[in-house]
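A quick write-up on the structure given underneath.
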There are 2 protein chains.
Amino acid sequence: MNDTAHAGADLLQVTEPHRELLDQVLDKWSLQVLDQLCGRPLRFNELRRAIPAIGQKSLTTTLRRLERNGMIERLVLPVRPVAVEYRVAPVGDTLNQLVDALLQWTTQNMTEVELSRKRFDAQN
Amino acid sequence: MNDTAHAGADLLQVTEPHRELLDQVLDKWSLQVLDQLCGRPLRFNELRRAIPAIGQKSLTTTLRRLERNGMIERLVLPVRPVAVEYRVAPVGDTLNQLVDALLQWTTQNMTEVELSRKRFDAQN
DNA sequence: CGGCATCCGATCGGATACTG
DNA sequence: CAGTATCCGATCGGATGCCG
């Protein structure tokens with residue numbers, strides 16, 4: 001046993017590149033885009049309709065970032081007018097499984113969280 | 001079989017409250033705070049030193065939000081001058097396990113991600 | 001259709017000063 | 001020590017207009 005003595009459980013530490021990656025693929029919109037692309041590819045405007053709250057600008061940057069990190073693939077279909085298809089890449093799919101685990105976690109703990117919020121808000 | 005016909009895998013959909021919760025407990029700083037508090041409690045300034053990049057303001061709001069959602073507990077110790085101890089609550093601990101899974105995922109896929117980034121950046 | 005460029009108000013977050 | 005309060009520059013993101 002070495003000198004880092006607090007009870008194990010995290011052998012991993014959060015180094016900058018790791019934190020940055022999670023930051024890029026796990027943000028507010030990326031979660032939903034990833035979730036929407038689960039299973040079947042979607043077009044740009046299909047994604048917009050599927051996630052009404054997202055603006056065109058945000059969707060664009062989100063898709064670009066996900067593509068840059070290899071989470072999704074961008075396919076320009078040879079038709080007129082232009083059609084672009086987005087689909088999850090294999091790596092993105094492994095991430096998607098973790099995202100699903102997170103969503104399950106939220107459903108399981110939502111009531112407790114809401115109770116905690118009520119208690120907190122009442123006190124302050 | 002009903003009319004939502006794309007291949008299963010996600011039975012969960014991202015509803016607003018769920019998305020909002022993940023947004024509050026899974027953001028950039030919350031991840032690191034949660035990770036730091038894993039196992040042992042820490043004081044305010046201990047957290048600051050453990051996460052040098054975080055500002056005092058951001059740390060405060062992050063801790064408040066985590067507390068409000070029930071992820072951590074805030075203990076004011078009866079000493080002079082004031083001492084405050086932060087520790088993960090049981091719910092937060094279940095979240096922490098998912099965060100650890102995410103960190104493992106980043107370590108496993110970091111090289112592939114970096115390759116993807118190089119390819120992307122070279123093209124644009 | 002799938003963007004990019006620009007303007008611009010709102011929000012974030014760092015730096016600094018002060019307090020129980 | 002553990003914050004709160006304030007100022008303020010930087011960043012985000014919506015709205016709009018234009019294009020291949």
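Chain naming here is simple, since letters A, B, ... match the order of the sequence lines and numbering starts at 1 in each.
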*So which one's nearest nucleotide on DNA chain D is more toward 5', A:Val82 or B:Leu63?*
B:Leu63
*Nearest-nucleotide wise, let me know which of A:Glu85 and B:Gly55 is further upstream toward the 5' end of DNA chain C.*
A:Glu85
*Between A:Glu16 and A:Arg19, is there a side-chain N and carboxylate O pair less than 4.0 Å apart?*
yes
*Just to confirm, is there a sub-4.0 Å distance from OP1 or OP2 of D:dC1 to any side-chain nitrogen or oxygen of B:Tyr86?*
no
*Take the protein atom CD1 of B:Ile51 and the nucleotide atom P of C:dG14, then report the distance between them rounded to whole Å.*
13 Å
*asked:* Less than 4.0 angstrom from a charged side-chain N to a carboxylate O is my criterion; do A:Asp121 and B:Arg68 meet it?
replied: yes
*Tell me: CG of B:Asp27 to P of C:dT11, nearest whole Å?*
18 Å
*Under 4.0 Å between a side-chain N or O of B:Arg43 and OP1 or OP2 of D:dG3?*
no
*Any N or O donor-acceptor pair linking the side chain of A:Gln56 to the base of C:dC4 at under 3.5 Å?*
yes
*Using only side-chain N and O atoms of B:Ser58, determine if any of them is under 4.0 Å from OP1 or OP2 of C:dG14.*
yes
_From CG of B:Leu77 over to C1' of D:dC1, roughly how many Å is that when rounded to an integer?_
11 Å
*Nucleotide C:dC4, atom P - distance to CZ of A:Phe44 in whole Å*: 8 Å
*When the distance from CZ of A:Arg48 to P of D:dG13 is rounded to whole Å, what number comes out?*
15 Å
*asked:* At less than 4.0 Å, is any side-chain N or O atom of B:Arg74 found next to OP1 or OP2 of D:dA2? Yes or no.
replied: no
*Gap between atoms CG and C1', on A:Asn45 and C:dG3 respectively (whole Å)*: 9 Å
*How close do A:Arg65 and A:Ser30 get, heavy atom to heavy atom, and via which atoms?*
NH2-OG, 4.0 Å
_Using every non-hydrogen atom in the two residues, find where A:Thr107 and A:Gln104 come nearest and quote the distance to one decimal._
OG1-O, 2.6 Å
_Measure CG/A:Asp23 against C1'/D:dC12 and give the value in whole Å, please._
14 Å
*Spacing of A:Leu37 atom CG and A:Asn96 atom CG [to the nearest 0.5 Å]*: 8.5 Å
_5′-ward residue of the pair A:Trp29/A:Pro81 relative to DNA chain D_ = A:Trp29
*Send over the distance from A:Lys57 NZ to D:dG17 P, rounded to a whole Å.*
16 Å
*Can a side chain N or O of A:Arg80 be found less than 4.0 Å away from OP1 or OP2 on C:dG2?*
no
